[in-house]
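Read the numbers this way: they start at 1 and go in the same order the structure lists the ligands and their atoms. Treat the numbers as computed from the prediction; the structure is a model and nothing was measured.
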Amino acid sequence: MAEKLQALKQQVCSSIDEAKDKLHRLGDAIWRLPELAYEERQAHDTLVRFFTQEKGWTVEAHYKLETAFRATWGPVGGADGESVVHVGFLCEYDALPAIGHACGHNLIAESGAAAAVGLKAALESGEAWPVPVKVTVLGTPAEEDGGGKVDLLREGAFEDLDVVFMAHPTQKNATYLPAVAVHSVLVKYRGRTAHASAYPWEGVNALDAAVMAYSNISVLRQQLRPEWRIHGIIKHGGVKPNIIPDYSELEYYLRTSSHLDLPNIRAKAEACFRAAAMATGCEVELLFQKNEFYEVLRNRTLEDLYEENGKALGMKFTTEGFSGSTDFGNVSHAVPGIHPYFYIGSEALNHTAEYTAASGADEAQLYTRRTAKALAMTALDVIFSPGVLDKVKQEFREAKRREERNCKSRNIENGDQHQP
Ligand SMILES: NCCCC[C@H](NC(=O)CCN)C(=O)O
C-alpha cells in the first residue's frame, strides 16, 4: 500500500505540472479582474467555466450564494458497502478595495482548483482503491469582508465533508499561523447641523461623538488582554468646517483569541460608543456584521501530514507570523481541516500594492503548484493510509469537547451574562 500511495503522490505532482498552463490562465484571469466581497461574478464564472470544461465534474453555479460554486467528482471506486471518503478543497477569490489581489486570493483559487484536479487525475490513473472517494471544490466568496464560508456553513454546504483543505499566500510556508476571532461593527452618530461660528450652541456635533468614541476605545486598550485587538477608522466626519456635522460614521474590528470572548469585547466596545453619544447628545446606531469569524481550530494530524508532504517537495516551514482572521475559522469548528500558508517568491507584505504585484507574478506559479501538490498529497494520506481519517476525526472530537468545557466555564465566569 505504501508503494501505491507513493506512486499516486507522484501522479498528483505530474498531473498538476501537466496542467500548469491552464492553471496559470485560471489564476491570472482572476488576478486581472479584482472584485470585492460578494461581487466576484467574473471570478465565479471563470472557475465555473474551468470545472465545466474539465471532464467528470458536476458543477453548480451560484451555489447557495450568487458568487459561490460547487464542483463535485464521485463518489468513485471502492467496494460496495464501504463509507465514502469526501474531501473538500476551498477556493477564495475576493480582492481588496483599491489594491486588488493584495492578499493573493487569486492564488488560493488556483491552488484549490489545482489540488482537486491533481487528486482526481491521480485517482483515475491508478488501480482500483479500497474506499469510494468524492472530491468537492467549494468556491467560497467574501473572506475579506462578510464571510461567505459562514453563510455557506449556515446553508449546510459543508455538512457531508470529511476533511477540508485550502492554503493562503503569505511570506513563508507554515502549516498553521494564529488566526483570531473577529467581529466588525459600523457605528453611526446622528446630531444636528448649525453654523459653527454664528451659533454653534444650536448644533449637536456628530464629529465630536466620533472623536470621543475613538478616544474611548484608545484608552480601553489598556485594559484588554494582550492578544485582543480593537482597531478602526472614521469613515465620515463632516462636510464643511462651518457646518457642525450632523452625521459621522466609524468602522471597527474587534478581535479575541477565542470566539467565546467576542461577547465580552463587544460589550466593552459598545459602552465606549454609547458613552460618546451620551456625552454629545447624538443618537447612535451600532450595526454589527452578520457574521463573526472564529479562530481556527487546529488539526495537528493533518498539519503534520501536510508538513511531511511539503518538506518532500522542498518546502521549509516557519511557525512565526499572521494573527489576522479568516472565515475558515468557522469551517474548522464544523469540519476537520487545515489552512496552511505558502511562500510565493516575495517578501512583500499582504494587503500592500507590492503583494498585488507578487500574487500576479509568474514567479508565484511554481510555489502555488507546489502547495497544491502538498494539499492533494495530504488528501491521499487521508484516503489511503489506514487509520488516518479516524485519527483526524478523533482529534477533532476532542478539540470540540475542550471547547465545550471552555464555553461552560466562561458562562460561569460571566454569570451567563453573554451567551456566546
Ligand atoms: N469582518 C472582518 C474580516 C477581516 C478578515 C481579514 N482577513 C485577512 O486579512 C486574512 C487574509 N485574507 C482580517 O483579518 O483583517
Arg255 heavy atom under 4.0 Å from ligand 1: yes
Any salt bridge linking [X] with [Y]? Criterion: basic side-chain nitrogen under 4.0 Å from a carboxylate oxygen.
{"X": "Glu292", "Y": "Arg266", "result": "yes"}
{"X": "Arg25", "Y": "Asp21", "result": "no"}
{"X": "Glu395", "Y": "Arg298", "result": "no"}
{"X": "Asp151", "Y": "Lys290", "result": "yes"}
{"X": "Glu92", "Y": "Lys149", "result": "yes"}
{"X": "Glu404", "Y": "Lys400", "result": "no"}

Per-atom contacts, ligand 1 versus [X] - under 4.0 Å to a heavy atom:
{"X": "Gln289", "answer": "1 (N)"}
{"X": "His105", "answer": "12 (N)"}
{"X": "Cys103", "answer": "11 (C), 12 (N)"}
{"X": "Gly324", "answer": "14 (O)"}
{"X": "Ser184", "answer": "1 (N)"}

Check the orientation of His231 and Tyr253. Use parallel for under 30°, tilted for 30 to 60°, and perpendicular for over 60°. perpendicular
Structural part of [X] in contact with ligand 1, heavy atom criterion under 4.0 angstrom:
{"X": "Ser325", "result": "both"}
{"X": "His183", "result": "neither"}
{"X": "His351", "result": "side chain"}

Which residue supplies the protein heavy atom nearest to [atom], what is that atom called, and how far is it?
{"atom": "atom 4 (C) of ligand 1", "answer": "Glu144 O, 3.7 Å"}
{"atom": "atom 2 (C) of ligand 1", "answer": "Tyr253 CZ, 3.6 Å"}
{"atom": "atom 3 (C) of ligand 1", "answer": "Phe293 CE2, 3.5 Å"}

Ligand 1 and Glu143, any nitrogen or oxygen pair closer than 3.5 angstrom? yes
For Glu54 and Lys22, what are the C-alpha separation, side-chain angles and deciding distance, and is it a salt bridge (Lys or Arg N to Asp or Glu O under 4.0 Å)? CA-CA 11 Å; Glu54 292 288 308; Lys22 64 181 175 182; 2.4 Å; yes
Nearest-0.5 Å distance that lies between atom CG in Leu254 and atom CD1 in Ile265: 5.5 Å
